[in-house]
Every structure is written in structure tokens, then in C-alpha cells.
Protein chains: 2
Amino acid sequence: MARITKPESCMRCPYKSEYLSLLDAKDINLIQENCIIVHFRKGETICKQNTDVTHALYLAKGTVKKYIEGKSKNLILKIISSGKYIGLQTLFGTLIYNYTVTAIEDSMVCMINSNFFVELTKQNPEFLFKITQTISTSTNYVYKKISDINQKQLRGRLADTILYFSETVYKSNEFEFKLTRRELAEFSSMSMENAVRILTEYRKEGIIITKGRYIKILQPDLLRKLSEIG
Amino acid sequence: MARITKPESCMRCPYKSEYLSLLDAKDINLIQENCIIVHFRKGETICKQNTDVTHALYLAKGTVKKYIEGKSKNLILKIISSGKYIGLQTLFGTLIYNYTVTAIEDSMVCMINSNFFVELTKQNPEFLFKITQTISTSTNYVYKKISDINQKQLRGRLADTILYFSETVYKSNEFEFKLTRRELAEFSSMSMENAVRILTEYRKEGIIITKGRYIKILQPDLLRKLSEIG
DNA sequence: GGTGGTCATTGATATATATCAATGTTTTAT
DNA sequence: ATAAAACATTGATATATATCAATGACCACC
């Protein structure tokens, strides 16, 4: 199970959020007091769809997937890496999670009492402004996602997914990625079998090399073309 | 073409946003100075996907549709009625519209210089907080939409759409709605022909009555059931 | 007051995508 | 180390949904 500790010093924490630079020492100490650190193991759930929002979640270390659960299938919205807050919009909105977050590698999450956190933003306009920008950017990302799902078909969507991992998550043309084929499919909004099939197609077409969960993109421009065409 | 005027008095305007109550007279006057009123006729475009964001948009009067344009088909995200801001998240995000907004009835839009507006939020934490809440709520709505599109099939999605108009837009079990069948389909993410077919099915099943663009819901509970089942 | 144009409806057909099934491979747990 | 479980792959089939086609109804506009 997840192990819980208390922060020793948020101020000197090597994993601290860059947003903390917008707060003074007093407020950072208050955060520390209102914070617990939870160490999640790979596969453990950090927050669960349809439950109450009680904390602001900051991913200090690790990688998680954020996804919408459905009756028959899930939709993975994004992969979040360390140094980011998870789902700020739920703090200012309905206060019910409309998604689930699960660790895809061992992760360290700072959980800050949500009432305290929201009050803190009210006292610190610059901090709030930054958060508003983050929420807005995240909203725009979901717009892109909904648009892609609506407009593109399988090959285009899988191209999107490969590019997302290459450009946004691993920032490299070759990477060993952490998702199973099923998760890859859930990210691309398609069945697992079709994700596998299209990966094979792309490999046979000389666009990528795959070996297990290792992917190397040989023709990134062609992949971008495929993403555009849809 | 759209007719442009200057506001006479935002303070005494009967259509003014409730958010203005969070600002003092000085700031409301500043808004007035930085604002032009544009009167759009039905069918005219208020802001266009992929263009720069230069103004905050407030819908004082009328009704508009907000949609994502695609190569072959559009996806209508929501119908916005008077008294709401349109797309606040683009002001704090990329500054490029990732959607298009078009009037579906004659509309009056207050366009406030975006740099001024953003600065104003920085000076007024309560105002900013309210806006952040609005953006967050809107984000949660898009989450719901993307989830529905991903999980449900045609009949479930059309049930969602009818319920949306009944519960959110017209707040009644019978209404003459303003969208064409094509737009109804674009809202439900399906082809126009299938939207028509399912409307006919629902009529034959005694769930609704339709006559042109008039709809009366006979069995709202059944419709909700269909929405749930997907 | 006709007339061109979008809108609406229905049936037939094509296509994209999911599901089912069989089999081999890799993890994970004991 | 070995069994069990989850994962990956491929082909065959079923199904949901879009597209095409034909026709009638309803509007806006000279």
C-alpha cells in the first residue's frame, strides 16, 4: 500500500513546484503544514473518478496516467510527469473527480488540503493567475483531444499518440515507453487489437521500429503527415 | 454585416455580467472605455478557429454556438445563452482560438480588449477567482462531452443532446429549438441522417413528439435511462 | 408568386472499427 | 524455478456508423 510521510522542508525540496517562487516563506511553510506526502507504487490509484476532491495533488516524482473510466472502455487523457499539479480545475469546479489518476511508475504525490489551497490562491493573485493559466492550457489540450477523436480515424489517432510520446513525454525519437498496448489503445481511443495492427502497419511501412515497448521513429515527418491527414 | 457601437453605461446596463459586482465603479468605467459592442446577425461568425485572440467576449444578448471545425465535419460543443462570457480559457492560454463561435440568433457581444481584461483580473483577485471557477466548470463540461463521445453510441448520444436542450438550454420539456438537423447531429457527433433516423425511432417509441424543430419530451425518465445506458 | 436552395426524411449500400478466437510471449507471484 | 496471469499478435467475423441516392417539404428572395 501507499506509504505516507510528512514533508521535512518544502522550501528546500528539490522536487518543489516552480509556482512556489510566487509565494513568500510564510505561505510555503503553511503549505508544508497542510501537506502530506504519499508514495504510490506502480499501478496504485491516486484519485478515483466520482469521489470527492479533498486535496490539491502535486506530482513531485514519478509518472501517472489521467483517464476517464467508462463501462466498457477507458480513455486516457494524458500522461503527467513530475513537477506538475494534477487536475487543478477540479479544485475550482464541482469538487468531484471526473477522472481517475493511476501511477504508471512509482510516484511521490504531495497532497495539500483543498480548502487551504483554494484560500491560499485567494490571498496570492500571482499564484492564482499562474494556476488559471495552467487550467486554461489544460482545457485547450482537451479541446485538441476531443477534436482529434472526433475528426480523425485510427491511423491518424495512433500517429498522434506516437508523436505525443515522442514530443511531449520523452522528447526523443526513440523511447521505451511505459504503457501496455491496451493503454496505448485507450490513449488513442481504439481497441487494443487495432492499435497493435496499426503499429505493425507502420513498422512494415518503415515509419517506425518497434521491439516490445521500445519505439524508434524513423520518419517523424511522415508520421506528422499521417496525423494531419487524419 | 455586424454593426458596431460604443457602450453608453456598463454600470446601468440591463445585460451586464453578474461578475461586474466584484469590481468597483472605477474598473467598470475602464471596462466601458476598453469595450465595443458588436451586433451580430444570425449566422454571422463572432470568432474564428485558428485566429488570434484580441478580445474577451461577453454575450450580452442572443444565443451562439461554439464548435470545433474539422475538415469534413464540425463538432458543436455547447450552446451559449446571454449573460455569459465566451471562451475565457483562450485569454489565459494560447491566445489562438481553438474553436469558432457563430450566432444562431441575433446577438449582442461586448468585446473587451484582451490585454486590458487580463490586467484587470490581475488587479482584482475576486474577479479572477470567479473567472477561474468558470473556466474550471467549463473544463469539466468538456470532460463530460469527451467521455460521452468516447463511451456512448448513437442512441445514447442523441438522448444526451435532447436532455441538454431540455435541461440546460430551454429548461422545459417542450421547446422549439434553433438548430437544424445537421447542427443537432454536429452537437451529437454523428451524421445528419442518423440523427434524423434516431429522432424518428424515439418518436415511434413514444418517447418524444417532434414537429419540425419543435420537440416535446413525453418520457424524460426513459430518455435519461437511454442516456445512461449509452 | 414562382423558383432556386437549403433542409428533412428514408432506404440501400459501403466502410470503419470492434469483437471474437486462437496462439505465442512476456511478466508476475509463489 | 515454475505456474498463473496478463500481454501481444494475427486472422476471421460482426456491428456500428457513415455515405450515397432519391424525393418531398419548407423557406428566402427577386
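Within every chain, numbering begins at 1; the chains are lettered A, B, ... in the order of the sequence lines, protein sequences first and strands thereafter.
Distance alone, capped at 3.5 Å, is enough to place a donor-acceptor pair between the B:Gln32 side chain and the B:Cys10 backbone.
Rounded to a whole Å, the CG atom of B:Leu184 is 9 Å from the P atom of C:dA8. Atom-to-atom, NZ of B:Lys211 to P of C:dA8 comes out at 14 Å; the value is rounded to the nearest Å. The separation between B:Leu199 atom CG and C:dT10 atom C1' is 14 Å, rounded to whole Å. Protein atom CZ of B:Arg182 is 13 Å distant from nucleotide atom P of C:dT9, rounded to whole Å. The distance between atom OH of B:Tyr214 and atom P of C:dA8, rounded to the nearest whole Å, is 18 Å. Atoms CG (A:Leu158) and P (C:dA16) sit 17 Å apart, rounded to a whole Å. Between the C1' atom of C:dC7 and the CZ atom of B:Arg213 lies a distance of 7 Å, rounded to the nearest Å.
Contacts between residues 142-155 of chain A and DNA chain C, counted as heavy-atom distances below 4.0 Å, involve A:Gln153, A:Leu154. Near DNA chain C, meaning a heavy atom under 4.0 Å from it, residues 186-196 of chain B has B:Met192, B:Glu193, B:Val196 in order of number.
Judged as a ring-ring contact (aromatic ring centres under 6.0 Å, His included), and not counting sequence neighbours, A:Phe40 has no contacts. Scored by the ring-ring contact (aromatic ring centres under 6.0 Å, His included) test, B:Tyr99 finds A:Tyr143, B:Tyr97 as partners (sequence neighbours excluded). Scored by the ring-ring contact (aromatic ring centres under 6.0 Å, His included) test, A:Tyr19 finds A:Tyr85 as partners (sequence neighbours excluded).
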Do any side-chain atoms of residues 212-221 of chain A form donor-acceptor pairs under 3.5 angstrom with protein atoms, and if so which ones, sequence neighbours left out?
from: A:Tyr214; atom 1: OH; to: A:Glu174; atom 2: OE1; distance (Å): 2.5
from: A:Gln219; atom 1: NE2; to: A:Gly206; atom 2: O; distance (Å): 3.0
from: A:Asp221; atom 1: OD1; to: A:Arg224; atom 2: NH1; distance (Å): 2.7

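Rounding to the nearest 0.5 Å gives a distance of 12.0 Å between NZ of A:Lys66 and CD1 of A:Ile46. Considering CG of B:Asn98 and CD of B:Gln49, their distance stands at 7.0 Å, rounded to 0.5 Å.
Sorted by first and then second residue, the salt bridge (Lys or Arg N to Asp or Glu O under 4.0 Å) pairs with a member in residues 50-65 of chain B read B:Lys65-B:Glu183; sequence neighbours excluded. Pairs passing the salt bridge (Lys or Arg N to Asp or Glu O under 4.0 Å) check and including a residue from residues 72-82 of chain A, sequence neighbours excluded, do not occur. Listed by first then second residue, pairs satisfying salt bridge (Lys or Arg N to Asp or Glu O under 4.0 Å) with a partner in residues 146-162 of chain A read A:Lys144-A:Asp148, A:Asp148-A:Lys152, A:Lys152-A:Asp160, A:Arg155-A:Glu201, A:Arg155-A:Glu205, not counting sequence neighbours.
B:Glu69 and B:Lys48 are joined by a salt bridge, as a carboxylate oxygen and a charged side-chain nitrogen come within less than 4.0 angstrom of each other.
Residue A:Lys6 qualifies as enclosed at atom NZ: its count of foreign heavy atoms under 6.0 Å is above 12.
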Reading nucleotides 25-30 of chain C from the 5' end, what letters show protein touch, with B for base, S for backbone sugar-phosphate only, - for no heavy atom under 4.0 Å? ------

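Stem regions for DNA chain C, each three or more consecutive Watson-Crick or G-U pairs with both distances under 3.5 Å and listed by first number, read C:1-30 with D:1-30.
Listed nucleotides: C:dA8, C:dT10, D:dA8. Nearest to the side chain of B:Arg197: C:dT10.
A cation-pi arrangement is absent between B:Lys178 and B:Phe165, since the terminal nitrogen or guanidinium carbon is not both under 6.0 Å from the aromatic centre and inside a 45° cone about the axis.
Side chain to side chain, B:His39 and B:Thr5 meet the donor-acceptor criterion of an N or O pair below 3.5 Å. Under the 3.5 Å distance criterion, with hydrogens and angles disregarded, a donor-acceptor pair is assigned to the side chains of B:Thr139 and A:Thr139. B:Ser114 and B:Thr54 form no side-chain donor-acceptor contact under 3.5 Å, judged by distance and modelled atom types alone.
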For nucleotides 4-6 of chain D, print each protein N/O atom paired with a nucleotide N/O atom at under 3.5 Å, atom names and distance only.
none

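The side chain of B:Arg181 contributes no N or O atom lying less than 4.0 Å from OP1 or OP2 of C:dT6. Between C:dT10 and B:Thr200, a contact under 4.0 Å exists linking OP1 or OP2 to a side-chain N or O.
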